[in-house]
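Step one of this worksheet: look at the structure below.
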Amino acid sequence: MRLVLLGAPGSGKGTQGVALAEHFGVPHVSSGDLLRMHVADGTELGLEVAEYVSKGELVPDDLVLRVIGETVIAAIEFGGYVLDGFPRTLDQAERGYQLAATAGTAAEAAIFLSVSDEVARRRLGARAEGRSDDADPVVIERRLQLFHEETAPLLTHYEKRGIMVTIDATQPSDAVLVAILLALAPLETP
Ligand code: ADP
């Protein structure tokens, strides 16, 4: 199974990503986790991306592709992927699709976890989890703004590809997972 998760910060991509990866037995690939790992390890790449992540700005596409590329290739060899946080811009989606389509490894479904900004704000405020970008209201607003400006256009991209699924992600996370699995059932081969 090859899935892409889309949604505002706080929409539950991480929670559903882990659960879906476990369900389908494929790796959960989170661009945010990978970026934060580079920052924590103080790698050369980590030093380059730290300021973007802490301010809630998007990391430039070339850097993100460098961070995520090898992990996605390894995941495909493992049988598929649940992509969480990538792609986040139309350019990332188009570049990723070009790379994957020739190899027959493009996503089979894009799941949009739909929540209002109100719900997203409430959840981010409640989680923090040691992530400084979840604790600062200015950074949260910037991430929401970038979601609407840069990531929302991806919904049209996936609609055109005929693989968009929209899920009401304001429900409790168990119910969200059930809704996703029901929506994906037609894709599963017996
Ligand atoms: P959330 O969805 O809650 O904002 P993520 O962990 O997906 O959390 O992302 C955290 C930060 O990492 C983003 O605010 C951004 O700075 C950076 N980031 C993650 N994925 C990407 C991406 N695909 N392109 C650009 N920046 C990214």
Side-chain angles (χ1 to χ4, degrees), residues 3-23 28-40 46 48-61 63-64 67-68 82-93 96 107 109-159 163-184:
L3 300 176
V4 169
L5 291 175
L6 296 168
S11 60
K13 297 188 299 295
T15 307
Q16 300 304 328
V18 169
L20 288 166
E22 194 186 336
H23 179 87
H28 169 228
V29 181
S30 156
S31 55
D33 285 352
L34 289 170
L35 289 166
R36 280 185 291 276
M37 241 185 279
H38 275 276
V39 173
E48 276 189 75
V49 304
E51 193 165 333
Y52 295 102
V53 175
S54 67
K55 289 185 173 160
E57 296 296 333
L58 292 180
V59 172
D61 291 344
L63 293 178
V64 173
V67 168
I68 193 157
V82 177
L83 277 184
D84 161 3
F86 178 92
R88 221 182 188 87
T89 64
L90 211 44
D91 189 48
Q92 288 177 11
I111 298 155
F112 172 44
L113 299 176
S114 174
V115 294
S116 66
D117 285 5
E118 266 320 295
V119 170
R121 279 189 198 99
R122 215 179 311 134
R123 288 188 184 166
L124 289 172
R127 93 174 171 198
E129 278 173 16
R131 271 180 65 175
S132 63
D133 63 338
D134 282 348
D136 182 339
V138 176
V139 175
I140 288 177
E141 287 313 308
R142 180 63 181 152
R143 285 157 65 206
L144 283 170
Q145 182 188 13
L146 282 169
F147 169 73
H148 290 295
E149 287 176 6
E150 299 289 342
T151 310
L154 292 189
L155 304 182
T156 315
H157 166 93
Y158 288 111
E159 258 158 27
I163 61 167
M164 256 296 289
V165 174
T166 299
I167 302 288
D168 172 8
T170 47
Q171 310 172 81
S173 50
D174 288 1
V176 174
L177 180 61
V178 169
I180 296 171
L181 292 175
L182 277 173
L184 293 178

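Positions are given from 1, in the same order as the sequence printed here.
- Residue P153 comes nearest to L90 through the heavy atom pair O-CD1, 4.1 Å, listed as atom of the first residue, atom of the second, then distance.
- Nearest heavy-atom pair, A93 versus P87, reported as atom, atom and distance to 0.1 Å: N-CB, 3.5 Å.
- The two residues A107 and V4 come nearest to each other via the heavy atoms CB-CG2, 3.6 Å.
- A side-chain donor-acceptor contact under 3.5 Å links S31 to the backbone of G85.
- By the 4.5 Å heavy-atom criterion applied to side chains, L6 and Y158 are counted as neighbours.
- The shortest side-chain heavy-atom distance between L181 and L177 falls under the 4.5 Å cut-off.
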Intermediate values then yes/no, side chain to side chain contact (heavy atoms under 4.5 Å, CB included), V59 and V67:
CA-CA 10 Å; V59 172; V67 168; over 6 Å; no
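- To the nearest 0.5 Å, the span separating CG on L58 from CG on L63 amounts to 12.0 Å.
- For the side chain to side chain donor-acceptor pair (under 3.5 Å) condition, no pair includes a residue of residues 9-22, sequence neighbours left out.
- Exactly one residue among D133, V139, I140 makes a side-chain contact (heavy atoms from CB on, under 4.5 Å) with D136. That residue is V139.
- By the 6.0 Å contact criterion, CD on E141 is enclosed, its count of non-hydrogen atoms from other residues, nucleotides or ligands being greater than 12.
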Assess whether side chain to side chain contact (heavy atoms under 4.5 Å, CB included) is satisfied between V178 and Q171, documenting all intermediate values.
CA-CA 11 Å; V178 169; Q171 310 172 81; over 6 Å; no
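- Between V165 and I180 there is no side-chain heavy-atom pair separated by less than 4.5 Å.
- Interatomic distance, L113 CG to D168 CG, rounded to the nearest 0.5 Å: 10.0 Å.
- Going from atom OG1 of T170 over to atom CD of E118 covers 13.0 Å, rounded to the nearest 0.5 Å.
- Of all heavy-atom pairs spanning F147 and P9, the tightest one is CB-CD, 4.1 Å.
- Counting heavy atoms from C-beta outward, L20 and L5 have side chains that approach closer than 4.5 Å.
- Put simply, the side chain of I111 reaches to within 4.5 Å of the side chain of L184, judged on heavy atoms.
- Residue pairs meeting the salt bridge (Lys or Arg N to Asp or Glu O under 4.0 Å) criterion with at least one member in residues 83-92, sequence neighbours excluded, are D91-R95.
- To the nearest 0.5 angstrom, H148 atom NE2 is 3.5 Å from D117 atom CG.
- In this structure, CZ in F112 is found 6.5 Å from CE in M164, a value given to the nearest 0.5 Å.
- In terms of heavy-atom proximity, A120 sits nearest to L144 at CB-CD2, 3.9 Å.
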Determine whether R123 and D134 satisfy the following criterion, salt bridge (Lys or Arg N to Asp or Glu O under 4.0 Å), listing intermediate values before the conclusion. CA-CA 9 Å; R123 288 188 184 166; D134 282 348; over 6 Å; no
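- Between D61 and Q92 the shortest heavy-atom distance is OD1-NE2, 2.8 Å.
- One finds the NE2 atom of H28 at 11.0 Å from the CG atom of L3 (value rounded to the nearest 0.5 Å).
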